[in-house]
Protein chains: 2
Amino acid sequence: MAQKILIVDDEQDIVELLKYNLEKEGYKCYTASNGEEAVAKAKDKKPDLVLLDIMMPKMDGIEACRLIRKEDSLQGIFIAFLTARGEEYSEIAGFEVGADDYITKPIKPRVLTSRIKALLKRKKEDVESNELVVGDITIDRSSFDVVLRGDRLILPKKEFELLYLLASKPGKVYTRESILNKVWGTDVSVVDRTIDVHIRKIREKIGNERIQTIKGVGYRFVV
Amino acid sequence: MAQKILIVDDEQDIVELLKYNLEKEGYKCYTASNGEEAVAKAKDKKPDLVLLDIMMPKMDGIEACRLIRKEDSLQGIFIAFLTARGEEYSEIAGFEVGADDYITKPIKPRVLTSRIKALLKRKKEDVESNELVVGDITIDRSSFDVVLRGDRLILPKKEFELLYLLASKPGKVYTRESILNKVWGTDVSVVDRTIDVHIRKIREKIGNERIQTIKGVGYRFVV
DNA sequence: ACCCAAAGTTAAGAGAATATTAATAACCAA
DNA sequence: TTGGTTATTAATATTCTCTTAACTTTGGGT
């Protein structure tokens with residue numbers, strides 16, 4: 001199935017230009033003209049990639065990006081900013097908010113398509129890896145459930161993400177810091193005990209022995 | 001250890017600018033001024049990232065990139081092109097030849113460092129999952145495991161760090177002073193017996209003969 | 001062989017990190 | 001909004017690591 005791209009810009013000309021060129025390459029395109037619309041359409045269409053202009057009325061691209069990143073259902077989505085040359089600050093903010101790439105205007109169609117192809121190729125490779133089987137546990141990102149020796153468990157989001165992280169590299173010790181970065185994100189600030197509490201909840205459900213504590217270091221999942 | 005960046009550009013000013021800014025961020029930088037030199041230095045220094053100008057005398061960046069990609073010993077290396085605005089063709093060729101990113105001139109230091117950090121962060125996490133194999137012992141930083149002839153041992157943090165230090169250079173004698181500096185840090189003050197006690201605990205677990213005492217000097221790990 | 005500084009040993013207590021519990025806050029769906 | 005679930009925090013308990021002190025042993029130098 002064709003990969004989907006959501007194009008967001010308040011200048012209609014640019015939207016058309018992009019849409020024309022990308023559809024020629026076989027991508028399915030959707031469009032939006034401001035941040036709010038972008039977030040709504042992203043939730044609705046679940047595109048693979050969002051091309052997001054930064055300067056827009058109502059809600060700017062940075063904010064839209066932040067909201068999209070927060071959305072559970074839009075996890076592996078790629079976001080690339082469209083930015084005019086010279087918007088130095090925005091570029092930095094863009095990366096901090098989790099952009100995967102940014103593309104400078106004026107847009108050169110051949111460059112654009114080449115670049116997008118490269119981006120989406122990476123993505124395609126990632127995506128197929130969403131069912132984890134470790135020992136007697138199966139963790140499935142797409143259905144969001146954990147199956148332990150035949151029993152289906154339901155974990156809330158944070159617990160799921162945390163378990164998924166640990167189980168994705170069995171044996172590897174994750175420090176509290178890296179757990180925070182990966183499960184909670186870089187900008188939030190939560191107290192350390194929060195992690196313990198989540199670990200405890202998970203242990204309650206899957207058994208104590210599967211997650212080990214390495215005191216002074218972190219946690220790891222063992223088979 | 002600091003991550004290494006190889007900067008390649010024929011314009012000395014640009015090389016200096018990049019070097020200055022990246023070293024300020026704590027990266028170790030090497031430089032080259034043309035494609036041939038770049039390939040040679042890449043093989044020699046094994047950088048984590050190559051910043052590669054496209055237009056250069058002797059051998060251009062595209063060709064250099066191709067050669068680096070072919071080199072077995074340089075597998076996981078990252079390559080980002082430096083490209084002047086308007087070099088449309090080159091950008092496309094760059095992606096086709098396997099660039100991970102490209103950065104447009106004129107270079108804005110804050111954007112550059114922000115971007116490079118994002119790139120290298122991904123990489124660092126992979127690399128650091130390295131294991132040390134000395135004789136019949138395997139010491140794995142990422143899992144915090146010490147495996148002795150198949151048996152998995154769990155050492156507390158300090159013991160682990162100490163063993164890791166000694167085992168990282170088998171045969172080398174570490175003085176008490178340097179052990180303190182590296183395992184405990186420069187500012188703390190602990191009594192000398194503390195080291196003995198830790199050594200003892202380690203010896204208990206891995207056997208006496210693997211860590212030798214050189215009286216009046218220090219300790220060393222032997223195979 | 002003796003002395004003495006350096007290293008080894010042991011056990012106990014301080015201290016730090018994590019576990020647990022319960023209460024509160026944020027969130028989401030009906 | 002409301003009711004129910006999830007997330008976070010605070011307070012307290014528990015566990016394990018680290019350090020120390022006191023004492024013993026070792027081994028090189030005279």
Side-chain angles (χ1 to χ4, degrees), chain A residues 39-40 43 66-67 69-74 144-146 153-166 173-180 182-185 187-222, chain B residues 144 146 153-166 173-180 182-185 187-222:
Chain A
V39 176
K43 285 187 196 172
R66 207 191 308 277
L67 291 177
R69 282 282 182 250
K70 271 218 293 226
E71 188 65 26
D72 287 346
S73 60
L74 299 177
F144 231 76
D145 55 28
V146 176
L153 309 174
I154 298 189
L155 302 202
K157 182 189 162 219
K158 281 267 149 55
E159 288 170 37
F160 183 90
E161 296 293 351
L162 177 46
L163 175 59
Y164 190 87
L165 174 67
L166 295 177
V173 177
Y174 286 86
T175 62
R176 288 182 137 66
E177 196 195 347
S178 73
I179 289 173
L180 275 182
K182 289 182 178 154
V183 177
W184 273 262
D187 48 344
V188 298
S189 82
V190 289
V191 110
D192 252 24
R193 294 295 116 257
T194 304
I195 295 176
D196 308 10
V197 173
H198 280 88
I199 290 283
R200 178 171 184 283
K201 297 253 179 74
I202 296 171
R203 281 176 173 157
E204 242 168 28
K205 290 166 188 166
I206 69 170
N208 278 336
E209 63 295 344
R210 285 193 182 76
I211 296 177
Q212 288 182 347
T213 303
I214 314 291
K215 236 180 175 178
V217 188
Y219 296 97
R220 71 174 172 192
F221 186 94
V222 292
Chain B
F144 234 76
V146 176
L153 309 175
I154 296 187
L155 305 201
K157 192 175 168 208
K158 281 263 151 53
E159 287 170 38
F160 184 91
E161 297 292 357
L162 176 47
L163 174 58
Y164 191 87
L165 175 67
L166 295 177
V173 178
Y174 285 87
T175 63
R176 276 151 187 290
E177 197 196 346
S178 73
I179 288 174
L180 275 181
K182 288 181 179 153
V183 178
W184 272 262
D187 48 344
V188 298
S189 81
V190 289
V191 113
D192 250 25
R193 292 297 115 256
T194 304
I195 294 176
D196 304 295
V197 173
H198 280 89
I199 291 283
R200 178 172 184 284
K201 295 252 180 72
I202 296 170
R203 281 176 172 158
E204 238 169 31
K205 289 166 187 166
I206 70 171
N208 279 336
E209 64 295 345
R210 286 194 183 75
I211 295 176
Q212 289 181 349
T213 304
I214 314 293
K215 223 175 176 172
V217 188
Y219 296 96
R220 72 174 170 193
F221 186 94
V222 292

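Not measured: the values here are computed from a predicted model. Throughout, a chain's letter reflects where its sequence line sits, starting with A, and its residues are numbered from 1.
With contacts defined as side-chain heavy-atom distances shorter than 4.5 Å, the pair Arg220(B)/Ile214(B) qualifies. Annotation: side chain of Phe221(B) is in contact with side chain of Arg210(B) (closest heavy-atom distance under 4.5 Å). Side chains of Tyr174(A) and Leu166(A) form a contact here, defined as non-hydrogen atoms less than 4.5 Å apart.
The side-chain contact (heavy atoms from CB on, under 4.5 Å) with Ile199(B) is formed by just one residue from the set Leu162(B), Thr194(B), Leu163(B); it is Leu162(B). For the side-chain contact (heavy atoms from CB on, under 4.5 Å) criterion with Leu155(B), the lone passing option out of Lys205(B), His198(B), Glu161(B) is Lys205(B).
Rounded to whole Å, the distance from NZ on Lys157(A) to P on dA7(D) is 8 Å. Taking atom NZ of residue Lys201(A) and atom P of nucleotide dT20(C), one finds them 13 Å apart after rounding to whole Å. Residue Asn208(B) contributes atom CG, which lies 7 Å from atom P of dT9(C) at whole-angstrom precision. In this structure, the CD1 atom of Ile199(B) is 17 Å from the P atom of dT17(D), given to the nearest Å. Distance Glu161(B) CD to dT17(D) C1': 14 Å, rounded to the nearest Å. Per the geometry, CG belonging to Asp192(B) stands 19 Å off P belonging to dC23(D), to the nearest Å. Between the CG atom of Leu162(A) and the C1' atom of dT6(D) there is a distance of 14 Å, rounded to whole Å. Residue Lys158(B) contributes atom NZ, which lies 14 Å from atom C1' of dT20(D) at whole-angstrom precision.
Among the heavy atoms of the strands lying under 4.0 Å from Tyr219(B) are primed sugar atoms or P, OP1, OP2 only; no base atom is included.
Here Trp184(B) does not reach the OP1 or OP2 of dC18(D): none of its side-chain N or O atoms lies under 4.0 Å away. Here Thr213(A) reaches the OP1 or OP2 of dA19(C): one of its side-chain N or O atoms lies under 4.0 Å away. OP1 and OP2 of dA17(C) both lie 4.0 Å or more from every side-chain N or O belonging to Arg176(A). Regarding contacts with the backbone of dT9(C), every side-chain N or O of Arg203(B) stays at 4.0 angstrom or more from both OP1 and OP2. Of the side-chain N and O atoms in Thr194(B), one or more sit less than 4.0 angstrom from OP1 or OP2 of dT20(D).
Taken over five-pair windows at either terminus, the axes of the helix from dA1(C)-dT30(D) to dA30(C)-dT1(D) are inclined to one another by 40° (rounded to 10 degrees).
For Lys215(B), the side-chain atoms get nearest to dA6(C) when compared with the rest of dA6(C), dT21(C), dA7(D). Nearest nucleotide to the His198(A) side chain, out of dT19(D), dG8(C), dA7(D): dA7(D). Checking dT17(D), dA7(C), dT9(C) against the side-chain heavy atoms of Arg200(B) singles out dT9(C) as nearest.
A pairwise comparison of heavy atoms in Phe160(A) and Asp145(A) identifies CE1-N, 4.0 Å as the closest pair.
With sequence neighbours left out, the side-chain hydrogen bond (donor to acceptor under 3.5 Å, both in side chains) criterion links Arg203(B) to Thr213(B).
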